Amino acid sequence: MGFPGQPGRNKAAINRDIRQQVLSGAVPMVNKRDVWMIPTESFKGSHYAVMPTKLAETCIKAGTSERGCCPTCGGPWERVVERTKPPADVYTGTVKPDSIAPVSHPELGKAGMGQKLQNWYNEHPVETLGWRPTCSCGEADTRPCVVLDPFSGAGTTGLVALRLNRDAILIELNPAYTEMARERCAQVQPVMMTT
């Protein structure tokens, strides 16, 4: 049974090829979709199911501001970006030049774009112009955003949060896992732990 566009190949074989190309970096992804392909990692500790650091990194970057947050209210600072509008010759029949989203939402309006336009976006990434607060407190300074992991296990979330200059609150009932998390996080910076 064939798959449309590739006679003689089934959907599973095509998905397997695409997955391998994405994991190898041969096919760059503009943004995350519904399914994330994140390889597993080995772990020498005694925890039976440690989350891959790439998964924690993806979630922390998506949920916190790299610049930090307001020290008064905790509101995150948002990135101010600029994306150059592609020239008309890179558009296919699937996306019209006027349908590209405004600068404040660069990821919207890209569904169904052709490969030529996809390549143009890969070659012309979004440019960060600066940062601005999302609150009206008037604070010019920031503090690191806080990541909460109520089932921290071996502390992967805390480890990655500290590497990304975020603070972390980890909650774990198992004392052995708590000690494991403390040791892992202390590799990055001194950790304050309470029981």
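Everything quoted here is computed from the prediction, not taken from an experiment.
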I need the [X] [atom1] to [Y] [atom2] distance, nearest 0.5 Å.
{"X": "Arg67", "Y": "Trp131", "atom1": "CZ", "atom2": "CH2", "answer": "8.5 Å"}
{"X": "Arg83", "Y": "Glu127", "atom1": "CZ", "atom2": "CD", "answer": "11.5 Å"}
{"X": "Cys69", "Y": "Arg143", "atom1": "SG", "atom2": "CZ", "answer": "3.5 Å"}
{"X": "Met51", "Y": "Thr40", "atom1": "CE", "atom2": "OG1", "answer": "14.0 Å"}

Over all heavy atoms of both residues, which pair between Thr128 and Arg79 is shortest? Give the atoms and the distance, please.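 The answer is OG1-NH1, 3.1 Å.
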
Indicate yes or no: at least one non-hydrogen side-chain atom of Ile38 is less than 4.5 angstrom from one of Thr58. yes

Please name all residues satisfying side chain to side chain donor-acceptor pair (under 3.5 Å) with Glu41, sequence neighbours left out, ordered by chain then number.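 For Glu41 the side chain to side chain donor-acceptor pair (under 3.5 Å) partners, ignoring immediate neighbours, are Thr53.
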
Applying side chain to side chain donor-acceptor pair (under 3.5 Å), name anything that partners Glu57, two or more places apart in sequence or on another chain.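 Checked Glu57 against side chain to side chain donor-acceptor pair (under 3.5 Å); matches are Lys61.
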
May I have the list of side-chain donor-acceptor pairs in residues 133-140 shorter than 3.5 Å, sequence neighbours left out?
residue: Thr134; atom: OG1; partner: Pro76; partner atom: O; Å: 2.6
residue: Glu139; atom: OE2; partner: Thr72; partner atom: OG1; Å: 2.8

With a cut-off of 3.5 Å and sequence neighbours excluded, list every side-chain donor-acceptor pair involving residues 145-164.
residue: Asp149; atom: OD1; partner: Phe151; partner atom: N; Å: 3.2
residue: Asp149; atom: OD2; partner: Thr157; partner atom: OG1; Å: 2.8
residue: Ser152; atom: OG; partner: Ile171; partner atom: O; Å: 3.3
residue: Thr156; atom: OG1; partner: Arg184; partner atom: NH1; Å: 2.9

Mind checking what makes side-chain contact (heavy atoms from CB on, under 4.5 Å) contact with Gln187, not counting sequence neighbours? none

For Asn165, give me all partners under side-chain contact (heavy atoms from CB on, under 4.5 Å), at least two apart in sequence or on another chain. none

